[in-house]
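Everything below concerns the one structure shown next.
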Number of protein chains: 2
Amino acid sequence: MSGLETRQLRYFVAVAEERHFGRAAERLGMAQPPLSRAIRDLERQLGVQLLIRTTRQVTLTSAGETLLADARVALDAVAAAEHRARHAGRPVPTLRLALKADYDAGLLPKIIDAYRTLPVELLLGGHGEQVPALRDGRADVALLPTPFDERGLDTEPLVTGPRLVALAAADPLAARTTVRLADLAGRRLPDGTPAETGRTQQPPANWRSRLDLSQIFNLVEVGNIVWFLPDWVARRFPRPNIAYRPVDGLEPTTLAVAWPAESRSPAVAAFVRTVKEIADTSFDDESSAAGQPAVR
Amino acid sequence: MSGLETRQLRYFVAVAEERHFGRAAERLGMAQPPLSRAIRDLERQLGVQLLIRTTRQVTLTSAGETLLADARVALDAVAAAEHRARHAGRPVPTLRLALKADYDAGLLPKIIDAYRTLPVELLLGGHGEQVPALRDGRADVALLPTPFDERGLDTEPLVTGPRLVALAAADPLAARTTVRLADLAGRRLPDGTPAETGRTQQPPANWRSRLDLSQIFNLVEVGNIVWFLPDWVARRFPRPNIAYRPVDGLEPTTLAVAWPAESRSPAVAAFVRTVKEIADTSFDDESSAAGQPAVR
DNA sequence: CCCGATTGATACCCTGGCGGTATGAGTGGT
DNA sequence: ACCACTCATACCGCCAGGGTATCAATCGGG
C-alpha cells in the first residue's frame, strides 16, 4: 500500500543480477533466508511474480526484467539525492568534474585556468566510471570519450579523432601507414584479449583497468602487446619506441562533456560554455584532428 | 552508511513542502515527535543541515532546497519502478495513454483505430496530471498541450494552433474578429479568477478543474464567464450560442505526444509513429490550423 | 511585561518488522 | 540411489521506528 523502500529495490537488484539468492545475500552482507523472504514479500506487495526459482537456477520474468531496469534508475536517483545533498552542505561549493586520467586531450589545464566560477574538484576514475558518477550524483559534469550510454545526460562534443593502435616501433606493422583489424592477429591487449577483436564491444562492466597509460606503454614497447586509443590522446604522448597507426574499421571517437540532463545549475552551464570555447579555439573549430595523419 | 530509504525522503519532502512539522506529520498519518526525530536523524546521516527551525517557522537551507528537488525526482523514479512492475505483471499487456478529456484534437478515434500493436488503456486526467502520470510510471505515453515541464520526457509536436477565447454569442466582444486580453476586463473564468490575466501562469499546482467542457460551455452561454482553449479544441465544438475569437497576446499552443525519455519500449515508439502520421495527414502536413481564421 | 498559544524538541515506552539460525524439501548430477 | 546444492519454512530475538506525555522557546496581545 504505502510504497516501495529502497532496501527492497537493493535486495531485488542484487538477486536479479546474481541470479542466485546465496551470492546475493553474501553481497548484501546478510543471510539467505531473510533475503528470500524479502523477495517473496516484495512479489506479494506488487502482486507480480518477478523471479522463477528452481532449485538449480533463478531466472527473471519479463516483469522482473522491467523492474530491474527501473530499479537501477530509481536507486541511482536516490543515491544522487544523497550525494548532492551531502555536497550542497559543504562550506565551500565546488564543481566536481569526473574524467579518465590522460583523456582530457590536453584541455584540462586550460579549463582549470579559464573556469573561475567555482573551484574544480577532480574525480579521476577508470574507464566507464564517469557515467555512473554523473548518474548517482558524485559528479556534476564529466569529460569522457564516446560512445557511452547517454540516457539521462546532456552532452556536447569537443574533439573528434580516429582511433589509433599503439604498436612497438619494432613491430613489422609499424612500417605500414595504416593497419586493418585483421592484421593485428597474434597481438594481445594488456588484459589478454586478442587484439583483432578491436574491443568493439565495451569491456565487461566489472572490468577495470588497473594500468595507467605509462604502464601500458611499457608493455607495448616490450612488444606483442598493443593498445587502442584516440589520436587526441596519442598526440600528447609521443614516444620513441612506440608507433601510432590509424586502424581501418574502427569508428572515430569524440571527447565530450556530459552532465545530468535535468541539471539547472548555472555553474555547470558556465563550465560547459567555457570548455566548449577552449576546445573550439584549441583545435581551431572543426575537428582539426579528424582526418589528419597520425602522430609520429 | 547504508544509503537513504524512501521513507526518509517522503518525510523530508512532506516537511519541506508544508514548512511545518505538525501539518507534515498529519499529512503522513503519524505523530509529530517521531517525524522530528526522523528529520534530525536524516540530517545527522547526511552530515548536512537541511532545515532552519525556529519555534515560529521552518525554512529550507540551500542544501535542503537541492535535496527537495532531487528527492522529488527520486520518489518519482521509485514510484515509476513500482507502477511499471505492477503493470508488466498483468496478463494482457496494454499501452496506457494519459490525456485530458476533449484535448485530443479529434485524433483519438483514428489513433485507437490505427494502432494495433497493443490494446490502448485511457487515463483521462485533469489539467496537469499527464506529466506526473508519465513520471511516476502510471502512463506509458501522453497527449497534452504545451507548455509543460519536459524534463525527463521526449516529445513530438502534432498540431499547433492559436488560443481562442470562448464568449457568449451575445457578448459585445463577439462582434469583433479579434480581442485583446485587456478587453476581457470584467469577465471571469469558471474558477473565479479575472479573465484578463489570460491565465498566463499555470493554475496553482493543487487546482483541479472539476468542470468538463460541456459544463463550462453552459456557464459561458449564460454570460460573463469566458474560457480559453486552443483552436484545435474549439473547432470540434461549434455551438450556436458561443463565439470563439483569437486573442492577441496569447501564445499559440501545440498538442504534443510525450513519453519518458529513457523509454526503450517498441510499443511506445510504434504509437508515436502512428500518432505522428495521423496528425500529419489529418492536418495535411504543416499546421493547417495555425494562422487560419477561428471557427465560427 | 507577563501570560497564553503555538510549535518543535526531549524522554520514555512498546510493538512489529527485519535479520539470524536451524532445518526441510525439491532437483539435478554422478 | 544418494549426495550436493539451493531455495523455502519455522522460529527466535532485537532494535528501529512510532506513540504519548511533557518541556522549552518564541511571539503576540492585553
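Chain letters run A, B, ... following the sequence lines, proteins first, then strands; residues in each count from 1. What you see is a predicted model; the values in this text were computed from it and never measured.
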Practice problem: Answer with base, sugar-phosphate or nothing: what part of the nucleic acid does Q32(A) contact at a heavy-atom distance below 4.0 Å? | Solution: base
Quiz item: With nearest nucleotides of DNA chain D determined for R19(A) and A38(B) from heavy-atom distances, which residue corresponds to the more 5′ nucleotide?
Solution: R19(A)
Quiz item: Could you state the CD1-C1' distance from I39(A) to dT6(D), rounded to the nearest angstrom?
Solution: 15 Å
Quiz item: Of the nucleotides dG18(D), dG20(C), dA8(D), which one has an atom closest to the side chain of R37(B)?
Solution: dG18(D)
Quiz item: Just how far, in rounded Å, is C1' of dC7(D) from CD of E43(A)?
Solution: 12 Å
Quiz item: Between dT6(C) and T55(B), is there an OP1 or OP2 to side-chain N/O distance shorter than 4.0 Å?
Solution: no
Quiz item: Looking only at N and O atoms, is any donor in the side chain of R56(B) or the base of dT6(C) less than 3.5 Å from an acceptor on the other one?
Solution: yes
Quiz prompt | NZ/NE/NH1/NH2 to OD/OE distance under 4.0 Å, E5(B) and R10(A) | solution = yes
Quiz item: In whole Å, what is the span from the CZ atom of F21(A) to the P atom of dT9(D)?
Solution: 11 Å
Self-check item: Closest nucleotide among dT21(C), dC7(D), dA9(C) to the P33(B) side chain
Solution: dA9(C)
Exercise. Please report, rounded to the nearest Å, how far the C1' atom of dA8(D) is from the CG atom of L42(A).
Key: 17 Å
Self-check item: R53(B) side chain near dT7(C) phosphate (N/O to OP1/OP2, under 4.0 Å)
Solution: no
Quiz prompt | Cationic N near anionic O, under 4.0 Å, R90(B) to E121(B) | solution = yes
Quiz prompt | Distance in angstrom units between R44(B) CZ and dA9(C) P, rounded | solution = 11 Å
Self-check item: Pair E43(A) + R53(A): basic N to acidic O under 4.0 Å
Solution: yes
Quiz item: Counting only heavy atoms not in Q49(A), do more than 12 sit closer than 6.0 Å to its CD atom?
Solution: yes
Self-check item: Candidate nucleotides dG19(D), dC7(D), dA9(C), ranked by approach to the side chain of M30(B) - the nearest
Solution: dG19(D)
Exercise. Would you please confirm or rule out a distance under 4.0 Å between OP1 or OP2 of dT26(D) and any side-chain N or O of T54(B)?
Key: no
Quiz item: Does a side-chain N or O from R40(B) land closer than 4.0 Å to OP1 or OP2 of dA9(C), or not?
Solution: no
Exercise. Take the protein atom CZ of R23(A) and the nucleotide atom C1' of dC5(D), then report the distance between them rounded to whole Å.
Key: 12 Å
Exercise. Could you tell me whether R72(B) and E17(B) make a salt bridge, using a distance below 4.0 angstrom between a side-chain N and a carboxylate O?
Key: yes
Quiz item: Could you state the CD-C1' distance from Q45(A) to dG17(C), rounded to the nearest angstrom?
Solution: 13 Å
Quiz item: What integer distance in Å separates L28(B):CG from dG17(D):P?
Solution: 15 Å
